[in-house]
2 protein chains.
Amino acid sequence: MTAKIESFVMHCGEMGSRWGFNRTVGQMYGLLIINEEALSAVQISEALNISRGNVSMGIKELQSWRLVQVQHKPKDRKEYYSPAGSIWEMATRVFEERRKREVDPTLSLLRDNLLDEPGNQQEQFAQDKMHEIHDLLETITNWASELQNMSPAKLNTLMKLGAGVSKVIDMKDKFLKNG
Amino acid sequence: MTAKIESFVMHCGEMGSRWGFNRTVGQMYGLLIINEEALSAVQISEALNISRGNVSMGIKELQSWRLVQVQHKPKDRKEYYSPAGSIWEMATRVFEERRKREVDPTLSLLRDNLLDEPGNQQEQFAQDKMHEIHDLLETITNWASELQNMSPAKLNTLMKLGAGVSKVIDMKDKFLKNG
DNA sequence: TTAAACTTTCAGAAAATACTGAAACTTCAG
DNA sequence: CTGAAGTTTCAGTATTTTCTGAAAGTTTAA
């Protein structure tokens with residue numbers, strides 16, 4: 001591993017916990033992304049200086065995020081791992097999985113709590129807040145899943161639009177008025 | 001604290017680490033959101049059964065995320081804490097702070113690494129990947145900051161648009177062609 | 001000044017999390 | 001079958017993170 005590549009892999013490790021997994025899992029993912037060829041478990045454990053068992057657990061974790069693929073080489077019984085999908089797909093998967101872990105449980109708790117009537121003034125206030133939070137999270141979630149269902153090409157247009165988004169909305173209003 | 005309120009506060013604790021801070025900080029934030037009145041440090045430590053020192057550290061953390069405000073009551077030397085801004089503002093602050101912690105350092109590392117020439121085929125591949133990641137993160141970042149700078153009203157239109165976003169883009173193309 | 005009423009800090013303890021390595025398991029060629 | 005070549009599991013250990021509480025720091029009323 002050259003210095004530049006190593007710096008990237010180690011950085012992925014440091015960021016790992018912020019991105020939702022732990023240091024080694026982050027390093028493993030970085031390593032797989034940056035390597036043209038798929039790597040075996042032993043290669044990973046040697047490159048990162050971690051135990052074989054840890055690699056196994058890390059791969060399992062990455063699979064639960066749908067971020068790695070298993071491959072086989074002819075005449076070789078080992079499993080070889082490589083990142084699943086394009087960079088763009090990886091990003092959407094991380095978003096999606098994080099939503100499942102960070103937002104969905106909260107939405108469900110809020111819904112439950114909003115089912116029964118508030119018992120007193122304090123609970124009334126609490127429920128109002130929960131309602132606000134619920135609606136906001138739901139809007140964001142719906143919006144995000146809209147984006148994920150758009151074709152990548154359209155999505156790209158939309159993203160590149162940047163400051164233009166605002167203009168397009170104005171345009172829509174005009175368009176609807178004049179049409 | 002009634003059962004419902006407590007379940008919300010405890011849930012915020014469990015989610016805390018996923019949202020970027022730790023359990024107690026999550027609980028503290030939940031408690032402040034759900035309470036109509038601002039709370040003193042001692043009230044927080046009693047409600048959550050944590051030490052006074054821990055409350056002090058937690059408040060500091062929440063302040064670094066710009067999520068709490070300090071208030072004073074007349075004839076009272078204590079500090080009282082309450083959430084800063086509306087639910088919507090809280091959400092954008094969490095986004096923004098997470099971007100600073102999760103994305104910005106990566107962008108800066110990638111930029112550094114992309115400055116020098118690749119030394120060999122392996123590094124060439126690595127740099128290509130880093131370039132892809134860099135561009136994607138940059139696009140997402142710019143897009144996100146666009147959204148944050150839009151007026152809440154416009155943003156709401158855009159959000160409510162949902163599936164319609166796609167249609168508006170088509171419309172824009174038509175509009176530009178015909179106009 | 002002084003001292004009461006607070007807040008912050010931080011060393012050490014406690015709790016949570018991650019890692020190792022050996023044993024158990026699986027798969028498959030012969 | 002058998003055993004070689006691989007993968008997974010998990011009890012125990014190491015590391016990291018969080019929490020406590022006492023000491024130090026700050027502010028203000030008198």
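Note on naming: letters A, B, ... go to the chains in the order of the sequence lines (proteins, then strands), and numbering restarts at 1 for each one. Values in this document were obtained by computation on a predicted structure and should not be read as measured data.
For B:R23, the side-chain contact (heavy atoms from CB on, under 4.5 Å) partners at least two apart in sequence or on another chain are B:Q27. Considering only residues two or more places apart in sequence or on other chains, A:W65 meets the ring-ring contact (aromatic ring centres under 6.0 Å, His included) condition with A:F21.
In this structure, CD1 of A:I50 is placed 13 Å from P of C:dA18, rounded to the nearest angstrom. Whole-Å rounding puts the A:I44 CD1 to D:dG6 C1' distance at 14 Å.
Between the side chain of B:E89 and the main chain of B:S86, a donor-acceptor pair closer than 3.5 Å is present. Remark: side-chain polar atoms of A:S108 are not paired, donor with acceptor, to backbone N or O of A:D104 under 3.5 angstrom.
Annotation: ring-ring contact (aromatic ring centres under 6.0 Å, His included) contacts involving residues 95-142 of chain B, sequence neighbours excluded, are absent. Screening residues 116-128 of chain A for salt bridge (charged side-chain N to carboxylate O under 4.0 Å, His left out), with sequence neighbours left out, gives A:D116-B:K4, A:E123-B:K4.
Listed by residue number, B:R77 are the residues of residues 61-81 of chain B with a heavy-atom contact under 4.0 Å to DNA chain D.
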Grab the N/O contacts between the protein and nucleotides 9-18 of chain D below 3.5 Å, and write none if there aren't any.
{"unit_1": "D:dT9", "atom_1": "OP2", "unit_2": "A:K60", "atom_2": "NZ", "d": "3.2"}

Problem - Stepwise salt bridge (charged side-chain N to carboxylate O under 4.0 Å, His left out) test for B:E132 and B:K129 - result: CA-CA 5 Å; B:E132 262 188 87; B:K129 280 292 162 195; 3.3 Å; yes
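For the residue pair B:T2 and A:Q122, no side-chain donor N or O sits within less than 3.5 Å of a side-chain acceptor on the partner.
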